[in-house]
Enquirer: 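The structure that follows is given in the form of structure tokens.
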Amino acid sequence: VDDYTKTKKSKSKKSRKIPISTKNENNETFTHLSPSGESVSMVDVGAKAVTTRVAKARTHVLFPPEVVEAFRSHDGSANEMVGPKGPIFSTAKIAGIMAAKRTSDLIPLCHPLPLDKVDIKIRLEGDNGNKAVVECECRVTHKTGVEMEALTGATVAALTIYDMCK
């Protein structure tokens, strides 16, 4: 069975049928769902070959003008912002690396991976340096991909920048 219907109660307390599909737009099944869509499982990668896998993720944080004006670089460069809590980008890089290493603790169906490399780069761009671009690259020699680790690293680094600038 490729599709099934799940019953969901609306605010009016009436049940309505919602079609749920376990296939994507290319008619491929989702890897973590059973064919019925009723259960989830971690993908079995046991038979896959060990290869080097690389993933990159990028995000950015936009600063309002008052934040750009409030922070001054510790050495006059455009590669760091320093605030009351300390060096913002350096702290964000450490947080992103730590998060990438702990991705399987945060995302339930991710395999724990022995990462070979996590590299986070942060730079200022935009009008008056109002945009921090965060790029995270992860590499692993394993049986499964490393894209969730790259996404997690970039996201947590960006969240740390936000936290340190509020």
Side-chain angles (χ1 to χ4, degrees), residues 8 11 18 20-33 40 42-43 45 48-166:
K8 182 176 181 180
K11 289 181 181 179
I18 302 171
I20 306 287
S21 175
T22 60
K23 293 197 175 196
N24 66 16
E25 64 276 359
N26 298 321
N27 206 30
E28 301 164 324
T29 58
F30 291 107
T31 56
H32 294 291
L33 292 176
V40 295
M42 199 161 148
V43 174
V45 297
K48 293 176 105 177
V50 172
T51 60
T52 298
R53 297 157 186 265
V54 177
K56 297 177 183 180
R58 181 181 332 161
T59 188
H60 56 271
V61 179
L62 297 176
F63 302 111
E66 57 272 14
V67 171
V68 175
E69 291 175 21
F71 293 109
R72 300 287 182 241
S73 174
H74 71 287
D75 63 0
S77 78
N79 295 320
E80 182 63 272
M81 291 173 66
V82 179
K85 296 179 182 181
I88 295 166
F89 293 169
S90 296
T91 304
K93 289 175 184 179
I94 293 168
I97 291 168
M98 291 174 65
K101 291 167 48 175
R102 301 297 301 251
T103 299
S104 66
D105 292 336
L106 300 169
I107 312 293
L109 300 177
C110 283
H111 292 85
L113 297 177
L115 296 172
D116 298 328
K117 176 183 179 179
V118 179
D119 184 31
I120 297 184
K121 291 182 172 49
I122 303 171
R123 67 183 181 280
L124 289 173
E125 290 183 354
D127 300 333
N128 301 318
N130 68 331
K131 178 168 70 171
V133 178
V134 180
E135 296 176 324
C136 179
E137 177 181 333
C138 294
R139 185 173 63 225
V140 69
T141 305
H142 207 273
K143 296 179 175 194
T144 188
V146 69
E147 68 280 356
M148 295 306 296
E149 287 73 11
L151 288 163
T152 301
T155 300
V156 170
L159 288 169
T160 301
I161 292 169
Y162 176 85
D163 178 62
M164 293 187 73
C165 290
K166 64 180 184 177

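The shown structure was predicted, so the numbers you read here are calculated from the model rather than taken from an experiment.
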Enquirer: Under the salt bridge (charged side-chain N to carboxylate O under 4.0 Å, His left out) rule, collect the residues that match up with Lys131, sequence neighbours excluded.
Expert: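 In terms of salt bridge (charged side-chain N to carboxylate O under 4.0 Å, His left out), with neighbours along the sequence ignored, Lys131 is linked to no residue.
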Enquirer: Could you tell me which non-hydrogen atom of Met164 sits nearest to which non-hydrogen atom of Pro87, and how far apart they are?
Expert: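 Closest approach of Met164 to Pro87: CE-O, 4.0 Å.
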Enquirer: Among all residues two or more places apart in sequence or in another chain, which pass the side-chain contact (heavy atoms from CB on, under 4.5 Å) test with Ala92?
Expert: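 Ala92 satisfies side-chain contact (heavy atoms from CB on, under 4.5 Å) with Ile122, Ala157, Thr160, Ile161 once adjacent residues are dropped.
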Enquirer: Nearest heavy-atom pair of Ala150 and Ala55: which atoms, and what distance?
Expert: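 Distance-wise, the nearest heavy atoms are CB-O, 3.7 Å.
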Enquirer: Can you tell me which residue pairs pass the salt bridge (charged side-chain N to carboxylate O under 4.0 Å, His left out) test with a partner in residues 52-62, sequence neighbours excluded?
Expert: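 Residue pairs with at least one partner in residues 52-62: Arg58-Glu135.
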Enquirer: Work out which heavy atom in Val50 is nearest to a heavy atom in Lys143; give both atom names and the distance.
Expert: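 Closest approach of Val50 to Lys143, heavy atoms only: CG2-CG, 3.8 Å.
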Enquirer: As a quick check of understanding, evaluate side-chain contact (heavy atoms from CB on, under 4.5 Å) for Phe89 and Val134, giving each step before the final call.
Expert: CA-CA 9 Å; Phe89 293 169; Val134 180; over 6 Å; no
Enquirer: Not counting sequence neighbours, which residues clear side chain to side chain donor-acceptor pair (under 3.5 Å) with Ser90? List them please.
Expert: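 Expected list: Glu80.
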Enquirer: Shortest non-hydrogen contact from Cys136 to Val118?
Expert: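 Closest approach of Cys136 to Val118: SG-CG1, 4.1 Å.
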Enquirer: Please enumerate all residues that pass side chain to side chain donor-acceptor pair (under 3.5 Å) together with Asn130, with sequence neighbours excluded.
Expert: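 By the side chain to side chain donor-acceptor pair (under 3.5 Å) rule, Asn130 matches no residue at all.
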Enquirer: From Cys165 SG over to Glu66 CD, what is the distance, rounded to the nearest 0.5 angstrom?
Expert: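 Reported value, rounded in 0.5 Å steps: 11.5 Å.
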Enquirer: Which heavy atom of Thr59 sits nearest to which heavy atom of Ala158, and what is that distance?
Expert: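 Heavy atoms only, the tightest pair is CG2-CB, 3.6 Å.
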Enquirer: Quick one: list whatever passes side-chain contact (heavy atoms from CB on, under 4.5 Å) with Asp119, sequence neighbours left out.
Expert: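 Listed in chain order: Lys117, Lys121.
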Enquirer: On a heavy-atom basis, which atom in Asn128 and which in Val68 lie closest, and how many Å separate them?
Expert: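 Heavy atoms only, the tightest pair is O-CG1, 3.1 Å.
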Enquirer: Distance check, rounded to the nearest 0.5 Å: Asp116 atom CG versus Thr52 atom OG1?
Expert: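 It comes to 7.0 Å.
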Enquirer: For Leu113, check side-chain contact (heavy atoms from CB on, under 4.5 Å) against everything at least two apart and list the hits.
Expert: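 Here the qualifying residues are His111, Leu115, Val140, His142, Thr144, Val146, Glu149.
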Enquirer: Which donor-acceptor pairs under 3.5 Å do side chains of residues 96-103 form with protein atoms, sequence neighbours excluded?
Expert:
{"unit_1": "Arg102", "atom_1": "NE", "unit_2": "Asp105", "atom_2": "OD2", "d": "2.5"}
{"unit_1": "Arg102", "atom_1": "NH2", "unit_2": "Asp105", "atom_2": "OD2", "d": "2.6"}
{"unit_1": "Thr103", "atom_1": "OG1", "unit_2": "Ala99", "atom_2": "O", "d": "3.3"}
{"unit_1": "Thr103", "atom_1": "OG1", "unit_2": "Ala100", "atom_2": "O", "d": "3.0"}

Enquirer: Holding to side chain to side chain donor-acceptor pair (under 3.5 Å), I want the full list of residues that pass it with Glu125, two or more places apart in sequence or in another chain.
Expert: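 Here the qualifying residues are Arg123.
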Enquirer: Output, in order, the C-alpha distance, side-chain angles, deciding distance and verdict of side-chain contact (heavy atoms from CB on, under 4.5 Å) for Leu106 and Met148.
Expert: CA-CA 10 Å; Leu106 300 169; Met148 295 306 296; over 6 Å; no
